[in-house]
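Treat the numbers as computed from the prediction; the structure is a model and nothing was measured. Numbering of residues begins at 1 and proceeds along the displayed sequence.
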Amino acid sequence: MVCNLDLALLANHPELLPALQEMFECGWPEHYGARGRGNAEEDLLAYSNHNKLPIGVVAMQDGSALGIAVLKAKCVSTHDHLTPWMGGGMVLPQYWRRGIGATLTVELESIARNLGYKKIYCGTSTANSLLERSGWSYIETVLYGGDNVSIYEKAL
């Protein structure tokens, strides 16, 4: 566990946008890199909301971003009938396995509950064990964007 971990809405910390943009571009180069179709800056600005989706939550220590996760209306287009989704989750590699991802997950669950949602969903090809340890239920695996993506849900 990381000591002195603070969670905050991305909307309240625009000063973290450049560091988070670099995190996205380095962590997901196939999407946000020079040849990717994504725009990290635009996405992060879109996640900078207080009371409407998408809402980004940042994990910080001493004012520096260690990770981020996002609650969004849509994520996996094969399942557009489900909402909201936890996505955009990333923790700097040097802080892996310290509970930051789990802490961000719990925070997004709380935000979804406060917005009146009864369930939350997530599609992942890498965070299966985190979700299962956190009480999420596996629904199915789909081929999405060339990857096998496991779809999970959690009752709130």
Checklist entry - Can you tell me if K74 uses its side chain to pair, donor with acceptor, with the backbone of H81 under 3.5 Å? => result no
Next on the checklist: Using modelled atom types and a 3.5 Å cut-off, is there a donor and acceptor pairing between side-chain atoms of N49 and backbone atoms of I55?
Outcome noted: no
Checklist entry - Side chains of Y117 and E109: does their closest heavy-atom pair fall under 4.5 Å? => result no
Checklist entry - What's the shortest heavy-atom distance between I100 and A59, and which atoms? => result CG2-CB, 3.7 Å
Next on the checklist: Could you tell me if Q21 and Y32 have a donor-acceptor pair between their side chains, going purely by distance under 3.5 Å?
Outcome noted: no
Next on the checklist: Please tell me whether M23 and L5 are part of a single hydrophobic cluster in this structure, the criterion being side-chain heavy atoms less than 4.5 Å apart.
Outcome noted: yes
Next on the checklist: Can a donor-acceptor pair be found, under 3.5 Å and without considering hydrogens, that links the side chain of S64 to the backbone of M60?
Outcome noted: no
Item to check | Path from M90 to L104 over hydrophobic side-chain contacts below 4.5 Å | outcome: yes
Next on the checklist: Could you tell me if the side chain of V70 sits less than 4.5 Å from the side chain of L108, heavy atoms only?
Outcome noted: no
Checklist entry - Do L130 and W136 share a hydrophobic cluster, counting only Ile, Leu, Val, Met, Phe, Trp and Tyr and linking them when any side-chain heavy atoms are less than 4.5 Å apart? => result no
Item to check | Check: L10 and V57 side chains under 4.5 Å, non-hydrogen atoms | outcome: no
Item to check | Rounded distance (nearest 0.5 Å) linking atom CD of Q61 with atom CZ of R98 | outcome: 8.5 Å
Checklist entry - Can you find a pair of side-chain heavy atoms, one from N128 and one from E132, that are under 4.5 Å apart? => result yes
Checklist entry - Within a radius of less than 6.0 Å around CD of E153, do more than 12 heavy atoms belonging to other residues, nucleotides or ligands occur? => result yes
Next on the checklist: So Y152 and S137, do their side chains get closer than 4.5 Å, heavy atoms only?
Outcome noted: no
Checklist entry - Please walk me through it: do Y121 and C75 pass side-chain contact (heavy atoms from CB on, under 4.5 Å)? => result CA-CA 9 Å; Y121 301 89; C75 186; over 6 Å; no
Checklist entry - If Ile, Leu, Val, Met, Phe, Trp and Tyr residues are connected whenever their side-chain heavy atoms lie under 4.5 Å apart, and connections chain through other members, are L45 and I68 in the same group? => result yes
Checklist entry - Taking C-beta and beyond as the side chain, do L53 and K72 meet within less than 4.5 Å on heavy atoms? => result no
Item to check | Closest heavy-atom pair and its distance - P54, A46 | outcome: CG-O, 3.3 Å
Checklist entry - Cut-off 3.5 Å, side chains only: do E140 and H79 have a donor facing an acceptor? => result yes
Item to check | side-chain contact (heavy atoms from CB on, under 4.5 Å) between K119 and L156, worked out | outcome: CA-CA 5 Å; K119 287 186 177 182; L156 300 175; 5.6 Å; no
Item to check | Minimum heavy-atom distance A40-F24, with the two atoms named | outcome: CB-CB, 3.9 Å
Item to check | Interatomic spacing from CD1 in I120 to OG1 in T83 - rounded to 0.5 Å | outcome: 9.5 Å
Checklist entry - Which atom pair, heavy atoms only, marks the closest approach of W96 to L92? => result CD1-O, 3.4 Å
Item to check | Worked verdict on N12 versus H50 for side-chain contact (heavy atoms from CB on, under 4.5 Å) | outcome: CA-CA 8 Å; N12 294 337; H50 287 97; 2.7 Å; yes
Item to check | Hphob cluster co-occupancy, W28 + Y144, side-chain heavy atoms under 4.5 angstrom | outcome: no
Checklist entry - If you count the non-hydrogen atoms of other residues, nucleotides and ligands that lie under 6.0 Å from CG in N51, is the total more than 12? => result no
Next on the checklist: Just so I know, are the side chains of L143 and T78 near enough to count as touching, which here means a heavy-atom distance under 4.5 Å?
Outcome noted: no
Checklist entry - Between S110 and V106, is there a donor-acceptor pair closer than 3.5 Å when you use the side chain of the first and the backbone of the second? => result no
Item to check | Exercise: do N148 and T141 side chains pair donor with acceptor under 3.5 Å | outcome: no
Item to check | Main-chain N/O of L82 paired with W85 side-chain donor or acceptor, under 3.5 Å | outcome: yes
Checklist outcome for this item: Only residue of L20, D6, L17 satisfying side chain to side chain contact (heavy atoms under 4.5 Å, CB included) with V58 is L20
Next on the checklist: Please find the pair of heavy atoms, one from P14 and one from A11, that lie closest to each other, and give the distance.
Outcome noted: CD-O, 3.9 Å
Next on the checklist: Looking at E30, I want to see if its CD is surrounded by more than 12 non-hydrogen atoms of other residues, nucleotides or ligands under 6.0 Å.
Outcome noted: yes
